[in-house]
Amino acid sequence: MTFRWVRGSSDPLPPKAARKRAGRRPVPLLRAALFSLLLAPTTLTAQPEAAPTESVRSLLDQARTLAGRNQPEAAAEALGRAITLAPNSEDVLNAYARFSLGRSNPIQAILALEPLARMHPGEAEYAYLLGVARMQVGEMAQAAEVLQDAAALDPRRALTHIGLGLALNRVDRFEEAREALAVALRLEPGNVEALATMSEAVEGLGDLDEATRLADRALAVNPDHPTALVTIGTARVKEGRFDEAREALTRAVAVETQSIKGHYQLSLALARLGDREGAERHLQFSREAQAAIEQHIERLRAQPPLGSRAEP
Amino acid sequence: MAALFVWPVSALVQPTGDAPLFRDITESTGITFRHNSAPEKKYIVESMSGGVGLFDFDRDGLLDIYFVNSLTVDTANDPESSDSALYRNLGDGTFRDVAAEAGVAHPGWGMGLCIADVDGDGWQDLYVTGIGRNRLYRNSGEGAFTDVATELGVAASGWSAGCGFADYDRDGDLDLFVSRYVEFDLDNLPEFGSGKTCEYRGVAVQCGPRGLPGTSDLLFRQEEDGAFTEVGEEAGVRDPDGYFGLGIAWVDVDDDGWLDLYVANDSTPNYLYMNRKDGTFEESGFFMGVAVSEDGGEQGGMGVAVGDYDGSGRLSLFVSNFAEEYNALYRNEGDYSSDASFRSRTGASSLPYVGWGTAFFDYDNDGWEDLVVVNGHVYPQLDGARLGASAGYRQRKLLYRNLGDGTFEEVAERGGPAFLEQRVSRGLAMGDLDNDGRVDLVINDLDGSPTVLKNEAGGGRWLQVRLEGAGRNTDAIGAVIQVTAGERSQIRNIRSGTSYLSQDDFRQHFGLGDAGIVDSVVVTWPDGSTTEREKVAVDQLLVVEQE
């Protein structure tokens, strides 16, 4: 299958996108810390310097070398030339995808990972990376689809099940998320991300006591885990325990300042406590965080291909 | 003393075991209406129409049906090319289309409708929303209607969607709210499939609503001479942000005797305008907990249902949303609402579907309001595409049985084949078409023929209540009825403009389980006065007149 620069879901936006972007509302992206945990190693390892030629192999070697020398722009250019020469090469696409992810360019990564996953449907790693990239651009439903494929291909990898659970939570498929996270916890019983994400799923299903227990386990490992704190806060709001909700949610948004849900639930708690000013402030933060995510996705889509002269 | 009228009792029907709860009687009714829509839906204007209304336009005691039809981009300049239909109930299970002779067949590019006796002459009038202009068909009382929208100042412009009459200022006459959707220029159409706001999962689809400019909403205050003045801005309901307004509901959320206004906005936060009792409103959707999802994110916002589903004595809101978004059930806690979508067990099952018409109604007369949602996607291009958890273009319906503990069980399979049939549904109206004490359903589909579902669920005792208001609000729109039988107390409110761009029967139905008598019926009229009746017989239509 030929690798073509086709317009697809990950293509850059037209220059003047209106206030509202395509289709659905923006979905909160992965927290930076969690994302780094989920990513496979993406940096190209350094290689002894080779004489530059136009062969694909030499371009890949060049890219590795330049990356090792902390010359990402030049490395990107070499990769860009490689992919032009060999758009269907697994090695090239793989390198392109990982480099893109490492450069926070998930749109370009997806363009490489989609054909990789199609050409190598038995490779769990490609499906996993594609899922991660999709999550980075807020395409949670699509991320869940490919992460399900990845989990089926390599069911022993806890990170995959955690990522799947995260994506499913984002699209409110809490029962499926719980199932995926249960697998993750069987593989790694004390995994704090699995515990916190599971607490979110269970809270979504309405079992507030169990959600609190799970969140508490996560907080025992990481007292400032924002997902666990938001879970507890949301549960307290539902229970009418607004003082406790305020405490948990205030801590959550102090750690994850761009948490749409954290700020929104905090605004509800403050409104119930009669703090209208505080409620309006955190509602504004929530709306601003949502707008920031929209703008972030637009910037991602506007990024030029790797190696192009327009790339910053 | 208010007069008391008794309607002849219909036979009590015993439960029918495993028989379907509803029977599709469309064919036998003689209804041949077909909604007009372009097959490819290349433009958003071709995906949103389909209101349906139940009202007794000729006052013969039988519910008649109005189906709204629409045009397409290709037929936009030929308003006579599609016919809306007014089906007169003949009382024998059949209906006859009288729209042409009644003068209501060609409202133009129709979207939805709402009903009210606007001039207080005792005959229900018909307001039809649409693209370009709206119609106010005044009922002559002789089987004919006259469009007086321009004359009375309610013709509006642009793309009107939802509507509802209510006496928001309690001056005795009915005012009108109209939600509006997006700005759409037929001479400058957005290019199908072009740009990020014109694709869905990588598939080229119609553009919008995101990416298109929104349009403000309208509030028409009726003046003493019967004409209307648009006061949306001074009243605080103008929608300055231009959200994409669709379904609406007039409902007294805080039980202070003044009607508040809820507007479901597509892909933008919903509005809850709290009535300040001085002719103005304060938008409080976010802080009342009814604007967005639990995560703080906007949802599709199409249809609105109102009901006291949990027996709390407070009216909760239910909003139908887009695919991969749950339908939102906002439980009224008194001073605010909480998102009970997943706790109620209605959320998860709704995720694959794009929801539209919806209603709380007691289909089995057990005294607990059940819930129905009709579905259908907007993008026919999705057939054949990998959609993940989302259903295809044509979708089944959802029917939820209220378990009486704040939760529901999805029972569409028991509803009958019509509930599982894959359709592209839009408007829904509920009402007792044959006066047998069970609430029937009428659904207007975007593509093709509608569906008339006769309720054969059997079940318990029932009471229907029809109000006759004093003054110009002859249907007592805005009134609240409380029925108590034994330990159970239920409330209903009279609303103009329900579901998705549709109109339910004004008569209010109460399932009573095995109660042998109704202990009390208390009516709180729109002006705040009350009427009470005690020891009311079951299985009848009770007519209550305001003094």
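These values consider heavy atoms only, across backbone and side chains, with no hydrogens, waters or symmetry-generated copies. Because the structure is predicted, anything quoted here is derived from the model rather than measured. Chain letters run A, B, ... following the sequence lines, proteins first and then strands; every chain starts at 1.
- Interface remark: B:Glu333 contributes no atoms to any contact with chain A (heavy atom separation under 4.5 Å).
- Of the two parts of A:Glu203, only the side chain, counted from C-beta on, holds a non-hydrogen atom closer than 4.5 Å to a non-hydrogen atom of chain B.
- Contacts of B:Ser337 with chain A are made by backbone atoms alone, with heavy-atom separations under 4.5 Å and no side-chain atom involved.
- Between the CD atom of A:Glu239 and the OG atom of B:Ser338 there is a distance of 11.5 Å, given to the nearest 0.5 Å.
- The environment of CG in B:Asp335 is sparse: at most 12 heavy-atom neighbours from other residues, nucleotides or ligands sit within 6.0 Å.
- Atom CD of A:Gln290 is separated from atom CG of B:Asp295 by 10.0 Å, given to the nearest 0.5 angstrom.
- The number of heavy atoms from other shown groups lying within 6.0 Å of CD (B:Glu282) is above 12.
- Taking a cutoff of 4.0 Å between a charged side-chain nitrogen and a carboxylate oxygen, B:Glu199 and A:Arg301 do not qualify as a salt bridge.
- Other residues, nucleotides and ligands contribute only 12 or fewer heavy atoms inside 6.0 Å of the CD atom of B:Glu191.
- Ion pairing of B:Glu298 with A:Arg287 is present here, as a side-chain N (NZ or NE/NH1/NH2) and a carboxylate O approach within less than 4.0 Å.
- Atom CD in B:Gln299 sits 7.5 Å away from atom CG in A:Asp172 (nearest 0.5 Å).
- Going from atom CZ of A:Arg173 over to atom CD of B:Glu324 covers 7.0 Å, rounded to the nearest 0.5 Å.
- Side-chain contact between A:Val171 and B:Leu351 is absent, with no heavy-atom pair separated by less than 4.5 Å.
- Note that CG of A:Leu205 is 8.5 Å distant from CZ of B:Arg345, once rounded to the nearest 0.5 Å.
- Under the 3.5 Å distance criterion, the side-chain polar atoms of B:Glu294 are left unmatched by any main-chain donor or acceptor of A:Gln265.
- Put simply, the side chain of B:Phe287 reaches to within 4.5 Å of the side chain of A:Glu280, judged on heavy atoms.
- Chain B forms more heavy-atom pairs under 4.5 Å with one residue of A:Ala279, A:Ser259, A:Ala289 than with any other, namely A:Ala279.
- Here CG of A:Leu283 is found 5.0 Å from CZ of B:Phe286. Values are rounded to the nearest 0.5 Å.
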